[in-house]
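A short write-up of the structure that comes next.
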There are 2 protein chains.
Amino acid sequence: MTREIAEAETGLSDDMPAEPTQAHRFGQARIARSAALVEDYVELIDDLLTSQGEARSTDVAKRLGVTHPTAIKSIARLKREGLATSKPYRGIFLTEAGHELANKVRARHRLMVELLVAIGVPMDAAEEDAEGMEHYASETTLAAFAAFLAKQAL
Amino acid sequence: MTREIAEAETGLSDDMPAEPTQAHRFGQARIARSAALVEDYVELIDDLLTSQGEARSTDVAKRLGVTHPTAIKSIARLKREGLATSKPYRGIFLTEAGHELANKVRARHRLMVELLVAIGVPMDAAEEDAEGMEHYASETTLAAFAAFLAKQAL
DNA sequence: ACGTAAACATAGCCAAGGCTACATTTATCA
DNA sequence: TGATAAATGTAGCCTTGGCTATGTTTACGT
């Protein structure tokens, strides 16, 4: 059974594309998982900035359900990635890139919730599950969601 | 603006349920994220056991796109959690609990992909996105998916 | 049957994202 | 204005899930 094993090991056979599809999928999921935290922070900071006029690290921490040192550490990551800025003992602000990301994330979040609700998921469950699922929806999938909702609205 | 700040900080106001909803949602998402890895491993090991008759750690590693030390370390976690067993230089086996989890996870995965496809997401994107999204779908949401698909089938 | 390659295991490193405990700065109000 | 509370920041620890490098065992082919 050497041949079958070889195929199983590489995930490839002659008539398959060069992508080891399963490993590739898991890899994509891992990447999305790592981006999820950044996305959540950016969206929340943007929300706070518009609704309260400022984003304090303790507010962020409380909303996310983590301690403030954890929030600060994560915000440091945002700064490192050029998404946010802050000076000691002052609030947090988003860069242009951060603001754009926030808008993208919020739009995706809304679309995800809308879709779930359209499918028949109750609102609370839709909000809760969307929080996790949204980070994994590709552009292709989001476009399909939008198309589906548009069709439904007729 | 003390009152508004107090509300923002706790996420609570008088007419709201005791649950700090946003923090709660993020907390749930964090829990799901941590379960995701275990679920992926268990499902894959079950697949290998049925399709190949055995589950080798190198196969698992290759399919998941990680190195084998990483796979071994994760499998150690499965063992710790009572989902799998293995002896040095022998394959990996699932406990009854592990097998049950695998079945649950596989069913959920199929349902997720089916739903995405029914919505109009192309197969490749559905497979890729489902890999991440499936871990965040609650029972409520899955039931709604099933109901939607049943209705569509008419 | 035995030597070598492949599979498996172990050790030790790293970054991320949690936490607690402690220090510092700001802000409030008596 | 000055004491105290609240907000912010820092230090240091833990676990998880990656990795590389380096041993061991098993298994295969001659």
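This structure is a prediction, so every number in the text was calculated from the model and none was measured. Below, chains carry the letters A, B, ... as their sequence lines are ordered, and counting in each starts from 1.
- For residues 109-145 of chain A, the set of pairs meeting the ring-ring contact (aromatic ring centres under 6.0 Å, His included) definition, not counting sequence neighbours, comprises A/Y136-B/Y136.
- Using a 4.0 Å cut-off between charged nitrogen and carboxylate oxygen, A/R90 and A/E54 do not count as a salt-bridge pair.
- The shortest distance between the side-chain N/O atoms of A/T70 and the OP1/OP2 oxygens of C/dG17 is not below 4.0 Å.
- Considering only the side chain of B/P69, C/dA11 comes nearest among D/dG18, C/dA11, D/dT10.
- To the nearest angstrom, P of C/dG17 lies 13 Å from CD1 of A/I75.
- Residue A/R30 contributes atom CZ, which lies 9 Å from atom C1' of D/dG17 at whole-angstrom precision.
- Cluster note: B/V117 groups with B/V113, B/M123 through ILVMFWY side-chain heavy atoms spaced under 4.5 Å, whether in direct contact or through intervening members.
- The separation between B/E54 atom CD and C/dA7 atom C1' is 11 Å, rounded to whole Å.
- The side chain of B/R56 places an N or O atom within less than 4.0 Å of a non-bridging phosphate oxygen (OP1 or OP2) of C/dC8.
- Of all nucleotides listed (D/dG18, D/dT8, C/dC19), D/dT8 comes nearest to the side chain of A/T58.
- Contact annotation: A/S57 side-chain N/O to D/dT8 OP1/OP2 distance is under 4.0 Å.
- Rounding to whole angstrom units, NZ of residue A/K62 and C1' of D/dT8 are separated by 12 Å.
- Atom CD1 of B/I31 and atom P of D/dT16 are 15 Å apart (whole Å).
- DNA chain D is contacted by A/K87, A/P88, A/Y89 of residues 77-95 of chain A, taking any non-hydrogen atom closer than 4.0 Å.
- The side chain of B/R33 places an N or O atom within less than 4.0 Å of a non-bridging phosphate oxygen (OP1 or OP2) of C/dG18.
- Taken together through direct or relayed side-chain contacts under 4.5 Å among Ile, Leu, Val, Met, Phe, Trp and Tyr, A/I72 and A/I92 form parts of separate hydrophobic clusters.
- Here CD of A/E134 is found 10.5 Å from CG of A/L116. Values are rounded to the nearest 0.5 Å.
- Along DNA chain C, the nucleotide closest to B/K73 and the one closest to B/H68 are compared, and the more 5′ of them pairs with B/H68.
- Between the CD1 atom of A/I72 and the C1' atom of C/dT24 there is a distance of 12 Å, given to the nearest Å.
- Side chain of A/T67, nearest nucleotide from D/dG18, D/dG9, C/dC19: C/dC19.
- Look at CD on B/E39: it is 12 Å from P on D/dG17, rounded to the nearest Å.
- In this structure, B/R106 pairs ionically with B/D47, as a charged nitrogen and a carboxylate oxygen lie closer than 4.0 Å.
- Under the 4.0 Å criterion applied to side-chain N and carboxylate O atoms, B/E114 and B/R110 are not assigned as salt-bridge partners.
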